[in-house]
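Since the model is a prediction, treat every value here as computed from it, not as a measurement. Worth knowing before you read on, the calculation uses all heavy atoms, side chains too, and leaves out hydrogens, waters and symmetry mates. For ligands, and for the atoms within them, numbers begin at 1 and follow the listed sequence.
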Amino acid sequence: MKETISVGLLGLGTVGSGVIEILEDHKESIQHKTGCNVNIKTVLVNNLSKPRNLQNNETKLTDQYTDITQDPEIDVVVEVMGGIDHTLKILMEAIENGKHIVTANKDLVAQYGAELLEATQRNKCDLFYEASVAGGIPILRAILDGLSSDRIRKMMGIVNGTTNYILTKMSKEGVDFDTVLKEAQDLGFAEADPTADVDGLDAARKMTILSILGFSMPINLEDVQIKGIRGLSLSDINYAKQLGYSVKLIGVADHSENGASISVEPTLLPLDHPLSSVNDEYNAVYVYGDAVGETMFYGPGAGKFPTATAVVSDLIAVIKSLRLGTSGMAYVQPQFPKKMKTKNDTITKKYLRLHVHDQPGMLMELTKIFAQYDISFDQIIQRKADAEDERELMMITHQVSEADFERAYEELGKLSSIRSVDSVFRVEGSE
Ligand code: HSE
């Protein structure tokens, strides 16, 4: 075993500099845990003329990735630069040259995780990506190691900090979606282009990674039903509260004998559910296993040091596995073929908000349609609406299959007494 492990770092943004600082600040403890020194030999940057504050004068900066992928002295490539296709090309070249990979890139792993795993296993290299899901929360290790003896049935995650921040502000301060989003962007907290966060894609990528590992199944991003929080109304947040629920963007991954179902959507959760108290930009993943029952993992989902902590822990794992001679064995290929649940097997409660005509028999017409599909109601609130001849109706159903709900919903549209169906959300955690 070498006395010094050489690292090539791809990217020197916020997380990249965090990695360098943690390696320096925790040098002795890392040396104690791994039995060797870690040296950042080369760093790939976009702009060589930008002044940098590197602690080690011997670290070389380059704008040529081949200085890393083709350097025989470099043992591990740490990727914190983001991007998909070009980054994949660089990492594949590094793997073919025998380098171990640590990446924080959920976009890349969600899309090309299987290809990366195949290449690393073929080359007897390690691939770790703890930072790709929920930043500083060691959730992948919890699933792969801590809960490896169990059968995971369900995972529910608040895995996007930006949307959780927006929903928390809306709920606590009564500010509407557009105003909070603008404020979060001005603070530099939300991206200038918030599409991936707000429309649920970022969370869907993380749920894809969690589902592959948790259910040992080759799930793809395309298998995830995605609905974001854009335009979510304050009314729904307020009515949900009155009904005893919070509204969160929840990734739900569910697995039973009938297959798996994975979705990311605004979801009502009982106010006393542990995920309801996860506020601001924090993340949490709730995991239910057959044997262990309920568990929950909470922490910062992004940020310089939380993310860098996960990256450096992966680097330590690579070194430990080098010492043990187990490189390339940390992850195994999925055990089960992909099997997704049908809409008949996907069962949840639903929340609806409608505008209806205030006329005799309206409720009867409405409940008749639901009764036809065996859907009964758990809670109903009726309120005055802006127009004198209308009422606003909020309802929470009991458990219903997606297929039956869709059929009932289609028929609702044909009722002349219904002016509009304003919102439909999933309800979790209360049955
Ligand atoms: N944009 C992500 C979030 C950050 O808001 O959670 C890290 O994935």
Side-chain angles (χ1 to χ4, degrees), residues 10-11 13-19 78-84 87 102-113 128-140 155-171 177 180-213 221 224 226-230 232 247-252 264-267 275 278-286 297-314:
L10 304 175
T14 310
V15 178
S17 8
V19 167
V78 172
E79 187 272 305
V80 285
M81 66 184 201
I84 301 183
T87 311
V102 171
T103 176
N105 190 333
K106 74 234 159 207
D107 305 12
L108 179 68
V109 177
Q111 203 163 331
Y112 293 112
F128 286 104
Y129 44 90
E130 182 63 71
S132 67
V133 180
I137 309 175
I139 185 64
L140 303 190
M155 293 177 282
M156 292 203 285
I158 293 178
V159 286
N160 183 269
T162 306
T163 46
N164 203 43
Y165 174 86
I166 293 173
L167 292 176
T168 304
K169 279 262 177 189
M170 287 175 74
S171 171
F177 174 83
V180 187
L181 176 60
K182 169 94 180 39
E183 196 182 298
Q185 284 172 316
D186 290 346
L187 289 169
F189 185 66
E191 306 279 344
D193 177 4
T195 312
D197 292 317
V198 166
D199 293 333
L201 181 61
D202 177 81
R205 285 170 166 150
K206 293 165 181 166
M207 292 311 295
T208 305
I209 299 171
L210 282 176
S211 306
I212 295 170
L213 301 178
L221 185 56
V224 185
I226 311 173
K227 184 168 145 195
I229 64 161
R230 199 181 286 276
L232 192 131
V247 182
K248 299 282 188 189
L249 183 70
I250 302 286
V252 182
V264 168
E265 56 189 301
T267 302
L275 284 171
V278 177
N279 285 321
D280 302 316
E281 71 278 22
Y282 278 89
N283 281 200
V285 183
Y286 163 101
F297 304 84
Y298 170 88
K304 180 176 180 175
F305 290 116
T307 310
T309 304
V311 170
V312 176
S313 295
D314 276 354

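In Glu281, neither the side chain nor the backbone holds a heavy atom less than 4.0 Å from any atom of ligand 1. Here Asp197 has side-chain heavy atoms under 4.0 Å from ligand 1, and that is the only part of it that gets that close. Counting heavy atoms under 4.0 Å from ligand 1, residue Lys206 touches it through the side chain alone. With a heavy-atom cut-off of 4.0 Å, Thr163 does not touch ligand 1 at all.
Protein heavy atom closest to atom 6 (O) of ligand 1, with residue, atom name and distance, is Gly161 N, 2.7 Å. Protein heavy atom at the shortest distance from atom 5 (O) of ligand 1 is Thr162 OG1, 2.6 Å. Distance from atom 4 (C) of ligand 1 to its nearest protein heavy atom, with residue and atom name: Ala302 CB, 3.8 Å.
Not one N or O on the side chain of Glu79 forms a donor-acceptor pair closer than 3.5 Å with the backbone of Val102.
Taking distance alone, with nitrogen or oxygen atoms compared against 3.5 Å, Asn283 stays at or beyond that limit from ligand 1. Some N or O of Lys106 is nearer than 3.5 Å to an N or O of ligand 1, by distance alone.
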Practice prompt. Start with the C-alpha gap between Glu191 and Thr162, add the side-chain angles, then the distance that decides, and say whether side chain to side chain contact (heavy atoms under 4.5 Å, CB included) holds.
Written response: CA-CA 9 Å; Glu191 306 279 344; Thr162 306; 5.9 Å; no

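Shown here for Asp280 and Thr168, the closest heavy-atom pair between the two residues is N-OG1, 2.9 Å. In terms of heavy-atom proximity, Gly82 sits nearest to Thr87 at O-OG1, 2.7 Å. In terms of heavy atoms, Ile137 sits closest to Asn283 at CD1-O, 3.5 Å.
In this structure the side chain of Thr103 never reaches within 4.5 angstrom of the side chain of Leu10, judged on heavy atoms.
Near Asp202, meaning under 4.0 Å from any of its heavy atoms, are these atoms of ligand 1: 2 (C), 8 (O).
When only modelled atom types and interatomic distance are considered, Lys248 and Asn279 share a side-chain donor-acceptor pair under 3.5 Å.
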